[in-house]
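Step one of this worksheet: look at the structure below.
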Protein chains: 2
Amino acid sequence: MLTESTENYLKAILQLEADKADGVSTSSIAERLGAQPASVTGMMHKLKERGWVKYERYKGVDLTETGRRHAMETVRRHRLWETFLVGTLGFAWDEVHDLAEQLEHVRSTDLTDQLDAFLGHPQTDPHGDPIPNADGTFRTSVGRALLSDAQVGICAKIVGVGDSQDDFLRHLNSLGLGLGTVVEVKELFPFDRSMAVHIVGGVEARCHLSSRVTQNLWWVEAVPDA
Amino acid sequence: MLTESTENYLKAILQLEADKADGVSTSSIAERLGAQPASVTGMMHKLKERGWVKYERYKGVDLTETGRRHAMETVRRHRLWETFLVGTLGFAWDEVHDLAEQLEHVRSTDLTDQLDAFLGHPQTDPHGDPIPNADGTFRTSVGRALLSDAQVGICAKIVGVGDSQDDFLRHLNSLGLGLGTVVEVKELFPFDRSMAVHIVGGVEARCHLSSRVTQNLWWVEAVPDA
DNA sequence: CTTCCGGTTTAGCCTAGCCTAATTCACCGT
DNA sequence: ACGGTGAATTAGGCTAGGCTAAACCGGAAG
Ligand SMILES: [Mn+2]
Ligand SMILES: [Mn+2]
Ligand SMILES: [Mn+2]
Ligand SMILES: [Mn+2]
């Protein structure tokens, strides 16, 4: 049976697979979930016998089709609740993660679909991450790139964050950056891969962004509005 | 620490205390929660050492002030979520109990209060039950009585149900009864304490209600609208 | 005052998850 | 081919929460 804990494990594996191709290590799961590697190994045995992961000792884990579907459903609920909390209840984007982490475990297709409809079938959550459809496929995803890959002179609209941790989001708040913000890339500093930008519509002339920041911001070409 | 399970126990005790004065029996708790009496006894020891109940073997349990406050907070969240599900997401009143039973365990005063504000600080949930305030007090409660205590000739507006089980609510649906329905008491049958009523605005001339039904409906005097 | 009986409690066991400590293994460099 | 080393696994233990079966009251009836 799906429990809160197994859902968290499956979701973690899904998100780690996104980066690391295949063969997620038990220690990376442990780190992401704040658990001990030994606990993860134990859980992998259970997930395997339930048919949700492919696992062989010392060889890492992969989701099965069933496991991936469960994980996607959890991600869907997580992002819908985040959208609700920010869009409907008025929370800030750095306040909703922990709440959604709990709400995502209320499993009810009726509830999820009604919520989705009430929100108007949003494409992305408050952090710019795409919300899966009920069937587990992703909604139209625009081609986007990391700000760290942008060239000088480009006008980039921020459309997503690579890290939804509260402290990163609050850092962005204090820099004056948010979803929809448009920045013009002024200068690149190869030494530490940091970047100077101008925030269009902002008060400061220039703003300096560390590589830790630029590597966690997604952007698309800004279109001057009509 | 408050867990989902302890919250369910505290809530059950609160609701059983409402009827039985003081000294709730372990078996009544067991029945309400669908658990074994032995399990309840075990949990009572834990609740006692956490200071949430007064308990002495063979003498039943009562909530302490702290225990009562926790229970009230859970009831508050339960009823707010029910109101949200029916009023905002469009669920029927017989579909929301099990969902609220899960949602009520997401503990966050911010979330609860924001939800309350979004809903416009409702007085009652979709079953007519009063929603506690954040401080644990009840909101303005109208004087109401059980339909089984109504006299012939009275025009009664249904304002609450004593039993929120799905099957009872569906039975009311099939009778054409709901919150706000006005009925005129036509005849009482002392033999089985059943009652014949006319549903104001309904299609049928008369409707026969068993005592099982009339003892679970709350009413107030119907005021003819202007 | 004694006996019964049904509700209550205890005793013992189980599963899910998690932890620490000890062990094992894969892989890399020599 | 051979160790070393650090990651991964196993072993063993803990808590929460449940269940069954057996033992244990307390109050009602004789
Ligand atoms: Mn979670
Ligand atoms: Mn998000
Ligand atoms: Mn509950
Ligand atoms: Mn209710």
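Reminder, nothing fancy here: chain letters follow the sequence lines and each chain counts from 1.
Remark: C1' of C:dT9 and CD of B:Gln36 are 14 Å apart, rounded to the nearest angstrom.
The span of DNA chain D lying next to chain A, judged by atoms under 4.0 Å from heavy atoms, is bounded 5' to 3' by D:dA8 to D:dT10.
A salt bridge links B:Glu101 with B:Lys11: the closest approach of a Lys/Arg side-chain nitrogen to an acidic carboxylate oxygen falls below 4.0 angstrom. Using a cutoff of 4.0 Å between basic side-chain nitrogens and carboxylate oxygens, A:Asp62 and A:Arg68 are not scored as salt-bridged.
For A:Glu95, there are no salt bridge (charged side-chain N to carboxylate O under 4.0 Å, His left out) partners at least two apart in sequence or on another chain. Remark: B:Glu31 pairs with no residue by the salt bridge (charged side-chain N to carboxylate O under 4.0 Å, His left out) rule, at least two apart or across chains. Applying the salt bridge (charged side-chain N to carboxylate O under 4.0 Å, His left out) test to B:Asp129 and every residue at least two apart in sequence or in another chain returns nothing. Applying the side-chain contact (heavy atoms from CB on, under 4.5 Å) criterion to B:Thr3, with sequence neighbours excluded, gives B:Ser5, B:Thr6. Applying the side chain to side chain donor-acceptor pair (under 3.5 Å) rule to A:Thr137 yields the partners A:Asn133, A:Asp135; only residues at least two apart in sequence or on another chain are considered. Applying the side-chain contact (heavy atoms from CB on, under 4.5 Å) criterion to B:Val161, with sequence neighbours excluded, gives B:Trp93, B:His127, B:Ser164, B:Phe168, B:Leu169, B:Leu172, B:Leu217. For B:Thr181, the side-chain contact (heavy atoms from CB on, under 4.5 Å) test picks out B:Ile158, B:Leu177, B:Val183, B:Ile199, with sequence neighbours left out.
Using a 30° and 60° split on the angle between ring planes, B:Phe84 and A:Trp81 fall in the tilted class, from 30° to 60°.
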For nucleotides 12-17 of chain C, list the nitrogen or oxygen atoms of the protein found under 3.5 Å from its nitrogen or oxygen atoms, one pair per line.
residue : atom : partner : partner atom : Å
C:dG17  : OP1  : A:Thr3  : OG1          : 2.4

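A side chain to side chain donor-acceptor pair (under 3.5 Å) check over residues 105-115 of chain B, counting only residues at least two apart or in different chains, returns the pairs B:Glu7-B:His105, B:Glu7-B:Arg107, B:Asn8-B:His105, B:Arg76-B:Asp113.
Summarising the geometry of B:Ser28 relative to B:Leu16, their closest heavy-atom pair is OG-CD1, 3.6 Å, with the distance given to 0.1 Å.
In the region residues 52-60 of chain B, proximity to DNA chain D at under 4.0 angstrom, judged on heavy atoms, holds for B:Arg57, B:Tyr58. Taking every heavy atom of residues 24-33 of chain A and every atom of DNA chain D, pairs under 4.0 Å involve A:Ser25, A:Thr26, A:Ser27, by number.
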